[in-house]
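Computed from a prediction, not measured in an experiment: that's the story for all the values here.
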Amino acid sequence: MKIICHGGAGHTPKVQDGVDKAAEEGWKILKETDNPTLAATAATIVMEDDFRFNAGTGSCLREDGRVQTDAAVATSDGRMSSITNLENFKNPVLIARELLDEFVTMLAGEGAVQFALEKGFKKTKVKGSEKGWTGDTVGAVAISSTGKIAVASSTGGVRGRPVGRVGDTPLWGSGFYCDKEIGILATGVGEAITKQLMCYRAYQHSNNLEKALEWGIRLLPKDTGVGMIAIRSDGQIYGTSNTSMPFKIIKD
Ligand code: ASP
């Protein structure tokens, strides 16, 4: 059993305590349930509920002052889902998790809102934070005692981006990827990550996780903040960034 959480490539060690708390909550759930999906989402919710992070309640504002969030969940048994441009729900990662068992893999805007309401989620005014900036997406990857992997990610996007803009976080292979061998997440400037199909290409680069992620980070210019975390089914676990991204690993 293992879990790794990050608080965003653009964040600083000042919020390390929030990332630690998220990892501890995820770890607690992993120990109790041995379910990596519940663990990764539980950890992500802790950061969505912490106003210092650019996700859920603390999401940054779009160009027009609106808050639109993105979230993604994927599992090593072949399921993946994401929601994008969602307004007025405080824990977008839970809505993405709910979508995991549907035929549709991705919902945007009004469709995501409708889906959330149908599933019983309550609308909550999310004011967001004027402080949010690029690179504070949050996320977690967990592996169970039997080698099942799950990833969960959530973001307010990038401050000042236009309404309707889609970053990397909800995009399969760019901001998130998971299969029987790996669970991997990215954080940073979404446009740059998307152009590089960063998560999938880093995974393909090497079986050595450290090499793979360091190579992935170098796909982007040094001055473009980016970070990655991942777990491989053989037990390798690693996190890295070209910034001071706070992250935390807990394992037994
Ligand atoms: N990757 C996110 C996006 O571009 C930003 C972030 O990491 O905070 O939407």
Side-chain angles (χ1 to χ4, degrees), residues 1-9 11 13-50 52-53 55-56 71-81 91 93-94 96-97 100 137-154 175-187 199 202-203 205-217 227-241 244-252:
M1 270 187 238
K2 293 183 173 97
I3 188 163
I4 179 167
C5 300
H6 76 81
H11 237 314
K14 271 198 226 161
V15 294
Q16 184 65 49
D17 65 303
V19 180
D20 293 351
K21 197 173 151 207
E24 278 151 24
E25 178 62 19
W27 182 246
K28 191 182 115 208
I29 301 294
L30 194 57
K31 288 282 228 193
E32 278 168 17
T33 65
D34 206 19
N35 181 324
T37 312
L38 294 181
T41 49
T44 303
I45 288 167
V46 170
M47 294 183 279
E48 284 181 336
D49 289 344
D50 183 333
R52 296 174 297 170
F53 295 98
V73 179
T75 61
S76 56
D77 58 12
R79 293 174 298 152
M80 55 78 71
S81 62
N91 293 116
V93 76
L94 282 179
R97 188 175 81 191
L100 267 186
T137 295
V138 302
V141 185
I143 185 166
S144 73
S145 64
T146 55
K148 289 183 187 148
I149 306 172
V151 303
S153 192
S154 183
F176 75 118
Y177 184 77
C178 190
D179 67 16
K180 283 198 180 88
E181 277 184 0
I182 199 166
I184 179 166
L185 291 178
T187 164
C199 282
Y203 161 43
H205 183 70
S206 171
N207 289 337
N208 178 302
L209 194 58
E210 183 173 338
K211 269 195 197 151
L213 297 200
E214 295 299 348
W215 179 85
I217 297 292
M228 299 177 101
I229 60 171
I231 300 179
R232 281 192 68 103
S233 55
D234 61 8
Q236 294 180 68
I237 182 164
Y238 192 63
T240 186
S241 70
S244 55
M245 177 181 82
F247 71 95
K248 172 80 175 175
I249 294 174
I250 305 183
K251 52 188 180 175
D252 51 12

Verdict with reasoning, H11 to M245, per side-chain contact (heavy atoms from CB on, under 4.5 Å): CA-CA 6 Å; H11 237 314; M245 177 181 82; over 6 Å; no

If we only count heavy atoms from C-beta on, is the [X] to [Y] side-chain gap below 4.5 Å?
X    : Y    : result
I249 : I3   : no
M1   : D34  : yes
P13  : S244 : yes
R97  : T37  : yes
Q16  : F247 : no
I45  : V93  : yes
F176 : I184 : no
E214 : Y238 : yes

So does [Y] get a backbone contact from the side chain of [X], meaning a donor-acceptor N/O pair under 3.5 Å?
X    : Y    : value
S76  : K180 : no
K2   : D252 : no
N207 : L209 : no
T75  : A150 : no
S81  : A96  : yes

Quick one: closest heavy-atom pair of I229 and A140, and the distance?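 In terms of heavy atoms, the two residues are closest at CD1-CA, 4.1 Å.
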
Can you name the closest pair of heavy atoms from P246 and G8 and give their distance?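 Minimum heavy-atom separation between P246 and G8: CD-O, 3.5 Å.
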
Salt bridge present between K28 and E25 (N-O < 4.0 angstrom):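 E25 and K28: salt-bridged.
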
Using salt bridge (Lys or Arg N to Asp or Glu O under 4.0 Å) as the criterion, list what pairs up with D50, not counting sequence neighbours.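 Here the qualifying residues are R52.
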
Measure the [atom1]-[atom2] distance between [X] and [Y] for me, rounded to the nearest 0.5 Å.
X    : Y    : atom1 : atom2 : answer
S144 : I149 : OG    : CD1   : 8.5 Å
I217 : S241 : CD1   : OG    : 6.5 Å
W27  : E32  : CH2   : CD    : 12.0 Å
F53  : T137 : CZ    : OG1   : 11.5 Å
L38  : T33  : CG    : OG1   : 5.0 Å
R79  : C178 : CZ    : SG    : 10.0 Å

Say whether S206 and N208, considering side chains only, have a donor N or O and an acceptor N or O under 3.5 Å apart.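 Judged by distance alone, the side chains do not pair up.
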
State whether a side-chain donor-acceptor pair under 3.5 Å links E48 with S154.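 There is such a pair between these side chains.
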
Evaluate N91 against D49 for side-chain contact (heavy atoms from CB on, under 4.5 Å), listing each step before the verdict. CA-CA 8 Å; N91 293 116; D49 289 344; 3.1 Å; yes

Step by step, would you call L185 with M228 a side-chain contact (heavy atoms from CB on, under 4.5 Å)? CA-CA 6 Å; L185 291 178; M228 299 177 101; over 6 Å; no

